[in-house]
Amino acid sequence: MARARTAAAAAITALALSPAARAQTTPDDDARRALIAQATEARDAGDDRRALALARGAAAMRATPSLHLLLAELEERLALTADALADARACEDALARDRAYHNWQRYFDACHALVTALAARTVEPVVASVETPVTAPVETPVAAPVVTPVAAPAVTPVAAPAVTPVAVRSVARSAGAAPWAVMGVGAASLVASGVFFALRGGALADRDGACGTAAGECAPDSGLAVDAATRAQRGAHTFNALTNVSLGVGAAAVAGGVLWWALGRRDG
């Protein structure tokens with residue numbers, strides 16, 4: 001994914017500064033290209049915050065897939081995950097509508113890789129509820145009455161009988177059914193991951209069948225075939241993200257359940 005980002009970033013700068021882009025421009029176009037060039041220089045110099053501000057200024061004039069990709073990469077580096085995911089999806093959606101875009105495949109692969117990685121990070125973890133401990137009431141001690149001591153009669157001590165020690169048997173205590181429930185949820189999530197992976201394969205087959213090519217590449221004038229291939233490609237992206245998420249959740253739940261069960265089998 002890092003290699004695709006580097007290539008896409010270079011293409012963004014080249015596209016903004018190419019002779020073809022400079023031909024027949026307006027003052028707004030010149031200002032937009034200048035902002036993109038300054039944003040690229042700031043990013044290369046390590047000043048991501050200034051680069052993001054400049055890139056957003058350019059996008060306010062006119063947003064393109066390549067500019068959405070630049071924004072998503074800068075926002076990801078600044079830990080703005082939600083903004084980065086939104087720009088990556090905007091890039092992907094725009095390219096799905098315009099397959100004649102310059103360097104379409106390279107930009108699409110980079111945007112899709114970002115969407116998949118960022119979507120997996122935004123899954124909220126399940127947090128177990130914690131019960132608030134109940135504090136027992138504190139009783140106020142009552143003063144005892146003063147008693148005059150009385151001398152007790154002398155008592156001859158009697159030797160206590162010898163007691164033979166009895167060995168205490170260690171009893172293993174089970175962790176209960178909770179770890180098994182967690183492992184069951186993890187197993188179900190792994191099964192769901194397999195189902196999503198199969199659905200992804202079906203969507204890719206539909207995409208290839210729509211245009212009759214192995215990579216789902218349609219001619220720009222294919223009409224309905226392009227629309228069908230685009231829908232199938234989107235479905236494949238969705239199932240791919242669901243596969244990754246359910247696989248990660250399932251593996252974590254199974255490992256956590258096994259650890260819980262092992263730690264719960266301690267001696268009583």
Side-chain angles (χ1 to χ4, degrees), residues 1-125 215 217 230 233-234 236-238 240-245 248:
M1 185 175 71
R3 186 181 302 171
R5 291 182 190 171
T6 303
I12 291 171
T13 305
L15 182 61
L17 302 179
S18 64
R22 290 196 296 268
Q24 298 180 356
T25 61
T26 65
D28 287 344
D29 292 334
D30 293 336
R32 178 177 175 276
R33 279 197 302 275
L35 288 173
I36 294 174
Q38 294 172 16
T40 304
E41 291 176 0
R43 180 205 59 197
D44 295 341
D47 192 352
D48 292 337
R49 293 193 179 278
R50 181 170 180 270
L52 179 59
L54 293 167
R56 284 178 172 173
M61 297 180 180
R62 182 168 59 86
T64 60
S66 59
L67 189 50
H68 278 303
L69 176 59
L70 176 61
L71 286 168
E73 291 173 346
L74 290 170
E75 288 159 350
E76 181 194 21
R77 290 164 64 170
L78 292 171
L80 302 174
T81 305
D83 293 339
L85 179 58
D87 276 308
R89 283 176 172 165
C91 171
E92 190 179 46
D93 292 341
L95 290 171
R97 293 190 299 270
D98 183 10
R99 294 177 64 87
Y101 191 78
H102 179 70
N103 288 331
W104 184 91
Q105 190 65 53
R106 179 168 52 185
Y107 283 121
F108 189 86
D109 291 343
C111 292
H112 176 60
L114 267 178
V115 168
T116 302
L118 293 170
R121 295 183 200 170
T122 55
V123 177
E124 296 183 356
E217 294 287 346
T230 300
Q233 183 69 40
R234 287 182 180 175
H237 294 165
T238 300
N240 188 63
L242 291 173
T243 298
N244 293 335
V245 171

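All values below come from the heavy atoms of this structure, side chains included, with hydrogens, waters and symmetry mates left out.
The shortest distance between side-chain heavy atoms of Ser66 and Tyr101 falls below 4.5 Å.
Interatomic distance, Asp98 CG to Asp93 CG, rounded to the nearest 0.5 Å: 13.0 Å. Rounding to the nearest 0.5 angstrom, the gap separating the CZ atom in Arg121 from the CD atom in Glu76 is 4.5 Å. We find the CZ-CG distance between Arg49 and Leu80 to be 7.0 Å, quoted to the nearest 0.5 Å. Between the CG atom in Leu35 and the CG atom in Asp30 there is a gap of 11.0 Å [rounded to 0.5 Å].
Minimum interatomic distance between Ala120 and Val245 (heavy atoms only, all atoms of both residues): CA-CG2, 4.1 Å. Closest of all the heavy-atom pairs between Ala51 and Ala39 is CB-O, 3.3 Å. The two residues Leu70 and Ala55 make their nearest non-hydrogen contact at CD2-CB, 4.2 Å.
Residues satisfying the side chain to side chain donor-acceptor pair (under 3.5 Å) criterion with Glu92, sequence neighbours excluded, are His112, His237. Residues that satisfy the side chain to side chain donor-acceptor pair (under 3.5 Å) test with Asn240, not counting sequence neighbours, are Arg200. With sequence neighbours excluded, the residues that form a side chain to side chain donor-acceptor pair (under 3.5 Å) with Asp48 are Arg77. Taking the side chain to side chain donor-acceptor pair (under 3.5 Å) definition, one finds that Arg89 meets it with nothing, sequence neighbours left out. Qualifying ring pair (Phe, Tyr, Trp, His ring centres under 6.0 Å) partners for His68, counting only residues two or more places apart in sequence or in other chains: none.
Pairs of residues two or more places apart, or lying in two chains, that qualify as salt bridge (charged side-chain N to carboxylate O under 4.0 Å, His left out) and include a residue from residues 55-70 are Arg56-Glu75, Arg56-Asp83.
In summary, of the residues considered (Asp109, Asp87, Leu85, Leu69), a side chain to side chain contact (heavy atoms under 4.5 Å, CB included) with Leu114 occurs for Leu69 alone.
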Step-by-step salt bridge (Lys or Arg N to Asp or Glu O under 4.0 Å) determination, Arg32 to Asp29: CA-CA 5 Å; Arg32 178 177 175 276; Asp29 292 334; over 6 Å; no

